[in-house]
Amino acid sequence: MKFASPELQKARGAWMAMRFMLGAILGFVFGLYFVGTLHETAATFAKVWALSFIVGYAAPKIWTAKADALVQSVKVASEGGSNQ
């Protein structure tokens with residue numbers, strides 16, 4: 001089994017750390033919107049925190065997918081408009 005080079009391992013580690021930090025920050029901000037509206041128990045807070053962390057971690061991937069879809073739709077629209 002061949003492992004990645006030390007430079008690539010370091011870059012992957014930095015990428016994962018940045019994704020983790022971004023997910024935690026976005027998840028915490030997302031969670032702050034819901035904590036006050038629910039019953040203030042530790043279990044509720046933990047559930048909201050877990051949901052928020054997952055949503056925050058997935059957000060950059062969702063944004064990228066939406067941006068790619070938008071670019072593709074604009075490209076298709078511009079190609080369709082030039083044929084008319």
Side-chain angles (χ1 to χ4, degrees):
M1 175 186 252
K2 185 176 180 181
F3 292 105
S5 68
E7 295 85 19
L8 185 57
Q9 289 178 359
K10 187 175 181 180
R12 285 180 181 167
W15 181 81
M16 286 299 293
M18 287 187 288
R19 289 279 300 210
F20 181 76
M21 289 175 48
L22 180 63
I25 292 168
L26 290 174
F28 183 69
V29 170
F30 184 76
L32 288 177
Y33 287 112
F34 294 102
V35 170
T37 62
L38 303 172
H39 300 292
E40 295 182 9
T41 64
T44 303
F45 181 76
K47 289 176 188 176
V48 170
W49 178 259
L51 174 66
S52 302
F53 185 78
I54 291 169
V55 169
Y57 185 77
K61 195 74 165 168
I62 293 169
W63 293 334
T64 302
K66 287 290 190 182
D68 292 344
L70 179 64
V71 167
Q72 185 65 26
S73 66
V74 168
K75 191 181 289 186
V76 167
S78 67
E79 289 173 358
S82 63
N83 292 336
Q84 292 179 353

Engineer: Using residues 9-18 as the side-chain source, report each donor-acceptor pair under 3.5 Å to any protein atom, sequence neighbours left out, with the distance given to one decimal.
Structural biologist:
unit_1, atom_1, unit_2, atom_2, d
Q9, NE2, A4, O, 3.1

Engineer: Quick one: list whatever passes side-chain contact (heavy atoms from CB on, under 4.5 Å) with L22, sequence neighbours left out.
Structural biologist: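 L26, P60.
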Engineer: Looking at CG of L8 and CZ of F3, how far apart are the two atoms once the value is rounded to the nearest 0.5 Å?
Structural biologist: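 Spacing of CG (L8) from CZ (F3) equals 13.0 Å.
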Engineer: If you round to the nearest 0.5 Å, how far is CG of L70 from NZ of K75?
Structural biologist: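 K75 atom NZ to L70 atom CG measures 11.5 Å (nearest 0.5 Å).
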